[in-house]
Amino acid sequence: LKDAKKNLAFLMGKTHTLISAIFVMKDGVEFFKEVKKATLYFNKLKVEVLEKYIKENKETVLNTVGSYKIEDNQKYNFIKIIEGDFETIVGFPLKNFLRKILKRR
């Protein structure tokens with residue numbers, strides 16, 4: 001949990017970029033690829049709020065790259081999306097992939 005607290009403290013008051021990518025092959029041939037970026041600002045949090053988040057979300061802070069999940073943002077309000085969309089932030093550009101699949105039918 002100590003490393004998670006360091007990660008979150010490092011992000012506070014800064015912007016960072018998340019990159020989401022997908023590459024799918026079908027029958028040995030490229031079927032779909034996409035790379036998308038999102039830029040986020042991590043708000044400065046009071047120490048008490050940061051510690052509460054870590055305590056209430058131990059699995060998240062230990063199992064995610066940045067020690068947070070955007071899905072928790074509504075409750076804790078720590079992220080401001082500057083550029084990009086939700087599906088990029090959660091890590092899978094689903095809409096365009098589904099479009100590609102449906103187009104092939």
Glu56, CD atom: more than 12 neighbouring heavy atoms under 6.0 Å: yes
Tyr41-Val90 co-clustered via ILVMFWY side chain contacts under 4.5 Å: no
Distance, nearest 0.5 Å, that separates CG of Asn63 from CG of Asn57: 11.5 Å
Residues, nucleotides or ligands: over 12 heavy atoms within 6.0 Å of Lys14 NZ: yes
Met12 vs Leu50 side-chain heavy atoms within contact, under 4.5 Å: yes
Contact summary for Gly66 and Asn7, nearest pair of heavy atoms: O-CB, 4.1 Å
Residues, nucleotides or ligands: over 12 heavy atoms within 6.0 Å of Phe86 CZ: yes
Distance, nearest 0.5 Å, that separates NZ of Lys95 from CG of Asp85: 5.5 Å
Sequence-distant partners of Lys2, salt bridge (charged side-chain N to carboxylate O under 4.0 Å, His left out), two or more places apart: none
Ile70 reachable from Ile19 in the ILVMFWY side-chain graph, under 4.5 Å edges: no
Shortest non-hydrogen contact between Ser20 and Glu87, atoms and distance: OG-O, 4.5 Å
Glu30 atom CD, neighbour heavy-atom count above 12 within 6.0 Å: yes
Separation of Asp3 CG from Leu8 CG (nearest 0.5 Å): 11.0 Å
All side chain to side chain contact (heavy atoms under 4.5 Å, CB included) counterparts of Leu11, not counting sequence neighbours: His16, Phe42, Tyr68
Separation between OG1 of Thr15 and CD of Glu83, rounded to the nearest 0.5 Å: 11.0 Å
OG1-NZ distance between Thr39 and Lys80, expressed to the nearest 0.5 angstrom: 12.0 Å
Common cluster, Phe32/Val35, ILVMFWY with side-chain heavy-atom separation under 4.5 Å: no
Backbone N/O of Phe78 and side chain of Asn73: donor-acceptor pair under 3.5 Å: yes
Gap between atom OG1 of Thr60 and atom CG of Asp72 - 0.5 Å precision: 5.0 Å
Working for side chain to side chain contact (heavy atoms under 4.5 Å, CB included), residues Leu1 and Val61: CA-CA 7 Å; Leu1 294 178; Val61 301; 3.8 Å; yes
Residues forming a salt bridge (charged side-chain N to carboxylate O under 4.0 Å, His left out) with Glu34, sequence neighbours excluded: none
Heavy-atom closest contact (Thr88 atom, Leu18 atom, distance): CG2-O, 4.5 Å
Test log, rule side chain to side chain contact (heavy atoms under 4.5 Å, CB included), inputs Lys5 and Tyr53: CA-CA 10 Å; Lys5 188 173 182 179; Tyr53 179 73; over 6 Å; no
Single-linkage hydrophobic cluster, 4.5 Å side-chain cutoff, Phe10 and Val47 together: no
Minimal non-hydrogen separation, Ala38 against Ile89, with atom names: CB-CG1, 3.6 Å
Exercise: identify the closest heavy-atom pair between Ser67 and Ala4: OG-CA, 3.5 Å
